[in-house]
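These notes are about the structure you will find just below.
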Amino acid sequence: MRESDRREYWTRRLREYDQGHLLAAWDDLSPDRREALLESLQAVDFDLIRRLYENRGYKPEIGDLLRNATSPRGPRLSDRADAARRRAAVECGEEALRGGRAACVLVAGGQGSRLGFEHPKGMFPIGPLSRHSLFQIFAEKILARGKRYGRRLPLALMTSPLTHAETVDYFERHERFGLGDDLHIFCQGTMPAVDATTGRILMARPDALALSPDGHGGMLAAIHRSGVLERFRQEGVRHLFYFQVDNPLLDVADPEFIGWHILAGSEMSTLVIAKQTPLDKVGNVVQVGDRLHVVEYSDLPQDLAVRPGLDGKPLLWAGSIGVHVMEVDFLARVADLAEALPFHVALKKMTYYDPETRTIVEPETANAVKFERFIFDLIPHAENAIVIEAAENDQFAPLKNAPGAARDTPEYVRDRMAAKCRRLLREAGCETPGDPIVEISPLFALDSWELSQRLPRGTRIASPTYFGPEGPIAVDAAGGTQGAG
Ligand code: UTP
């Protein structure tokens, strides 16, 4: 088709959807840029965008869902009261790791807008003393887990067009932190953002739509499309340990969690923490019949949030922390359910290019509607789904906010990391007088048992110390050894 015909076709088509403004700056564009714009239009499902925008005010009838809800019950990690069952779960998970039947999936495609870091969040130098990045810390956890069980663990790492190039470059510059061919990087899809008052698709530049990553739920389609899921299946991987890039406290591929999941015959299991107050801003995991659901805090009427369950304790005690174990076969099955994951709507402030006035607009208030899929919407589709409870101070300290916020800031996360390391040292029979800042590389020890093998009982750590792969190094508390680069 000639360029003028294509333009005419698109003018007509866009008019049908009231999106004609997308071609308003056409005459300013070079042939190359016109081509780029047409290609991005080609990728948009205009019917879907219209439907999503028109339904944006619709909230699923949470009341109906919760009328029959009960509190989810499940095992607690490291529960001393249940030692025999716990031992069985750990052994089952260890067996899966030894047999190469587990792999990790790390989602790192988000914009990290609250943190305000100018690189992908995974590059943030979070190590309390080492200043190692989130990516390096996770890579070391995965390497160490593989070493422990004599079988390297594959990692599927999801980026988005926003974070892809820099993430790939970062891993290559650091020799993939030792993960080699076990690292599979794949990129998620995007969705156009629309103007909140008109439903018109926003533009980033004269030749580009304003696209944002399609949510962590985009993982489902992207891991398929990339071929990584099929590859895992062929290599005999059956269980995927899914986690998010902002939580360095997490024990990645914890055999106990994987073991409880396998023993329950679950297709998708989720790690939860007990909420401190009913109105905590986390997703709420509830049981409805034989299914688990996650209800967002923003969708939850206050009277339901504070309602007691059948046992008199708060019904909604279980806070979701974005850590799941999923069966590979389950993901293959639900990928065919087109509507398995609904889109959620978020109102955000977004700078955009106005093609009609040829200007960049910096709005003062939220102006854009974004559409995102959430991975936890898969849970109701899973057979035998279970929750596993973790202690918050042991498994959850997410890096979300820039310094100055009340919690989830770099300082908050580093404090939690150091506190966990001190606890592990004490459990290993060491002393930490004065609570110095300590950091333990996963390549030195993954847990207190490994620490007890490497450090004599009674070892005193009284000043800031980084336990690197080769051993303890005293560090000046103010300084790190390495930056984000
Ligand atoms: P959040 O929803 O907390 O978003 O992501 P974020 O990008 O980290 O931060 P804000 O909200 O912009 O401040 C939770 C996890 O999901 C991943 C993120 O990278 C993070 O690991 N995620 C989020 C994706 O991989 N893709 C997305 O489209 C959204």
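Note that ligands are numbered from 1 as they come in the structure, with each ligand's atoms numbered from 1 the same way.
In this structure the side chain of Val306 never reaches within 4.5 angstrom of the side chain of Leu315, judged on heavy atoms.
Remark: minimum distance from atom 28 (O) of ligand 1 to any protein heavy atom is reached at Gly215 N, 2.8 Å. Counting only heavy atoms of the protein, atom 3 (O) of ligand 1 lies nearest to Lys400 NZ, 2.6 Å. Protein heavy atom closest to atom 8 (O) of ligand 1, with residue, atom name and distance, is Lys121 NZ, 2.9 Å. With hydrogens left out, the protein atom closest to atom 12 (O) of ligand 1 is Ser113 OG, 2.6 Å, a heavy atom. At the top of the distance list for atom 11 (O) of ligand 1, counting protein heavy atoms only, stands Arg114 NH2, 3.0 Å. Shortest contact from atom 26 (N) of ligand 1 to any protein heavy atom: Gln188 OE1, 2.7 Å. Looking only at heavy atoms of the protein, atom 20 (C) of ligand 1 is closest to Val107 O, 4.0 Å. Scanning the protein heavy atoms around atom 23 (C) of ligand 1, the nearest turns out to be Gly110 CA, 3.7 Å.
Counting only distance, with no hydrogens or angles, the side chain of Trp317 and the backbone of Pro72 share a donor-acceptor pair below 3.5 Å. Although no hydrogens or angles enter the test, the distance criterion places a donor-acceptor pair under 3.5 Å between the side chain of Thr159 and the main chain of Phe186.
Glu327 and His261 form a side-chain donor-acceptor contact under 3.5 Å, judged by distance and modelled atom types alone.
Close approach to Val245 involves these atoms of ligand 1, each under 4.0 Å from a residue heavy atom: 19 (O), 21 (O). In the vicinity of Met158, heavy-atom distances shorter than 4.0 Å reach the ligand 1 atoms 25 (O).
A salt bridge does not link Arg51 to Glu54: none of the charged side-chain nitrogens sits closer than 4.0 Å to a carboxylate oxygen.
Under a 4.0 Å heavy-atom criterion, Ala108 is in contact with ligand 1. For Ser160, the closest heavy-atom approach to ligand 1 does not fall below 4.0 Å.
When heavy-atom distances to ligand 1 are checked against a 4.0 Å cut-off, Pro213 comes that close through both its backbone and its side chain.
Checked against the 6.0 Å centroid criterion, the rings of Phe171 and Phe135 qualify as a close aromatic pair. Checked against the 6.0 Å centroid criterion, the rings of Tyr53 and Tyr17 do not qualify as a close aromatic pair. Between Phe371 and His344, the ring centre distance reaches or exceeds 6.0 Å.
Among Gln244, Met191, Gln111, the residue whose heavy atom lies nearest to atom 14 (C) of ligand 1 is Gln244. Comparing Gly112, Gly109, Ser212 by heavy-atom distance to atom 6 (P) of ligand 1, the nearest is Gly112.
The distance from atom CD of Glu94 to atom CG of Asp254, rounded to the nearest 0.5 Å, is 9.5 Å.
Considering all non-hydrogen atoms of both residues, Tyr466 and Leu129 come closest at N-CD1, 3.9 Å.
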